[in-house]
Each structure stands twice: as structure tokens, then as C-alpha cells.
Amino acid sequence: MNNDDFEIGENAQVDPDVMLGYRYPASDKPLQIGDHAIIRSGTTIYTDTIIGDRFQCGHHVLIRAEVTIGDRCVIHHKCTLEGRLRIGSGVKIMAHVYIPSTTEIGDMVFIGPGVT
């Protein structure tokens, strides 16, 4: 994990065994995470991703590149978000959810557990 591959806001809590700014060959922008984030162990977040303030995730979350996530979003454990996604503010994604590439999710959306 190279500090040039990510920028994280103030008052973030990052557990051990987290990969921030996972770089893939075509990547040219760092991962950006806002203030007051909570990122739990086993999580990998790629470069070329922008995440707003007060983001929280559970354990073992995978967020691939070119994802934009608004403020105050929660992603529970063992979720996979493929690349080129847009997720609004106030979104809650429950455990074991898979969201494919090019999906757009508006503000204040709830996605129940196990959704694919």
C-alpha cells in the first residue's frame, strides 16, 4: 500500500489488514475517502474511487475502481461492488450483496442482504 495511491480525510478509523488504493494497470488517480470513515479488516478499495464523508463498511468488502459513493453510506460485510458504479448519499447496503459494473443507485436507498 503506497500512500500516493490514496487520500483519506480526518478522524478515519482503519482496521489492520485493509488495502487502500489497490492499483491496477490502467489506474491513474488515487483513491479518495472523506472524513470520519470507518473501514474494517479484510477490506480492499481500488484506486480511481471517490468516497464521501462518514463512510462505513463491514469486514471483507471489495470496492473496485471507478466507483463514486456519496456521504453517509454504509456497506455491510462481504459485499462486492464492481467498477464504474455511482452510489448516492445515505445509501445502506446490507451483507453479502453483489453490485455489477455500471450500476447507478440514487440517494437514500436501502439494499437488503444477499441481493445480486
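In this structure a side-chain-to-backbone donor-acceptor pair under 3.5 Å is present from Ser101 to Gly83. At distances below 3.5 Å, not a single donor-acceptor pair connects side-chain atoms of Thr68 with backbone N or O atoms of Thr49. Between the side chain of Ser89 and the main chain of Gly70, no donor-acceptor pair closer than 3.5 Å is present.
Taken together through direct or relayed side-chain contacts under 4.5 Å among Ile, Leu, Val, Met, Phe, Trp and Tyr, Ile45 and Val14 form part of one hydrophobic cluster. Under the 4.5 Å side-chain heavy-atom criterion for grouping Ile, Leu, Val, Met, Phe, Trp and Tyr, Val74 is not connected to Leu85 through any hydrophobic cluster. Linking ILVMFWY residues whenever their side-chain heavy atoms come closer than 4.5 Å, directly or via other members, places Ile33 and Val18 in the same cluster. When hydrophobic clusters are built by joining Ile, Leu, Val, Met, Phe, Trp and Tyr residues whose side-chain heavy atoms come closer than 4.5 Å, directly or via intermediates, Val61 is grouped together with Ile105. By the rule that hydrophobic residues join a cluster once side-chain heavy atoms approach within less than 4.5 Å of another member, Ile51 and Ile111 end up as members of one cluster.
Checked against ring pair (Phe, Tyr, Trp, His ring centres under 6.0 Å), His96 has the following partners two or more places apart in sequence or in another chain: His77. Considering only residues two or more places apart in sequence or on other chains, Arg40 meets the salt bridge (Lys or Arg N to Asp or Glu O under 4.0 Å) condition with none of them. Annotation: ring pair (Phe, Tyr, Trp, His ring centres under 6.0 Å) contacts of Phe55 (sequence neighbours excluded): none. Take Thr102 and apply the side chain to side chain donor-acceptor pair (under 3.5 Å) test, not counting sequence neighbours, and it matches no residue. Every side-chain contact (heavy atoms from CB on, under 4.5 Å) that Glu10 has, sequence neighbours left out, goes to Asp35. For the side chain to side chain donor-acceptor pair (under 3.5 Å) test, residues two or more places apart in sequence or in another chain that qualify with Thr47 are Ser27. In this structure Glu66 satisfies the salt bridge (Lys or Arg N to Asp or Glu O under 4.0 Å) test with no other residue, sequence neighbours excluded. Evaluation of the side-chain contact (heavy atoms from CB on, under 4.5 Å) rule for Asn11 yields His36 as partners, not counting sequence neighbours. Listed by chain and number, the residues in a side chain to side chain donor-acceptor pair (under 3.5 Å) with Asp48 are Tyr24 (sequence neighbours excluded). Here Pro100 pairs with Tyr98, Thr103 under the side-chain contact (heavy atoms from CB on, under 4.5 Å) rule; sequence neighbours left out.
Under the 4.5 angstrom side-chain criterion for Ile, Leu, Val, Met, Phe, Trp and Tyr, Met108 has no cluster partners at all.
Counting non-hydrogen atoms of neighbouring residues, nucleotides and ligands closer than 6.0 angstrom, the CZ atom of Arg23 exceeds 12 such neighbours.
Closest approach of Ser41 and Pro16 over heavy atoms only: CB-O, 3.2 Å. Scanning all heavy atoms of the two residues, the minimum distance from Gly112 to Val115 falls at O-CG2, 3.1 Å. Gly90 approaches Cys73 most closely through the heavy-atom pair N-SG, 3.8 Å.
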Using side chain to side chain contact (heavy atoms under 4.5 Å, CB included), reason through Asp15 and His59 one step at a time and then give a plain yes or no.
CA-CA 9 Å; Asp15 285 357; His59 300 278; 4.1 Å; yes
With side chain to side chain contact (heavy atoms under 4.5 Å, CB included) as the criterion, how do Leu20 and Thr44 come out once you've worked through the C-alpha distance, each side chain's angles and the decisive distance to 0.1 Å?
CA-CA 6 Å; Leu20 296 179; Thr44 299; over 6 Å; no
Check the pair Ile99, Ile93 against side chain to side chain contact (heavy atoms under 4.5 Å, CB included), reporting the backbone distance first and the verdict last.
CA-CA 10 Å; Ile99 300 178; Ile93 300 173; 3.7 Å; yes
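Within the 4.5 Å cutoff, side-chain heavy atoms of Ile63 are placed close to those of Ile75. Side-chain contact between Asp5 and Leu31 is absent, with no heavy atoms from C-beta onward closer than 4.5 Å. A 4.5 Å side-chain heavy-atom check between Thr80 and Val97 finds every atom pair outside the cut-off.
For the atom pair CD of Gln32 and CD1 of Ile8, the computed distance is 11.5 Å after rounding to the nearest 0.5 Å. The CG atom of Asp53 sits 8.5 Å away from the CZ atom of Arg72 when rounded to the nearest 0.5 Å. In this structure, CZ on Arg54 lies 9.0 Å from CD1 on Ile38, to the nearest 0.5 angstrom.
Legend: salt bridge (Lys or Arg N to Asp or Glu O under 4.0 Å) pairs involving residues 81-108, not counting sequence neighbours, sorted by first then second residue: Arg64-Glu82.
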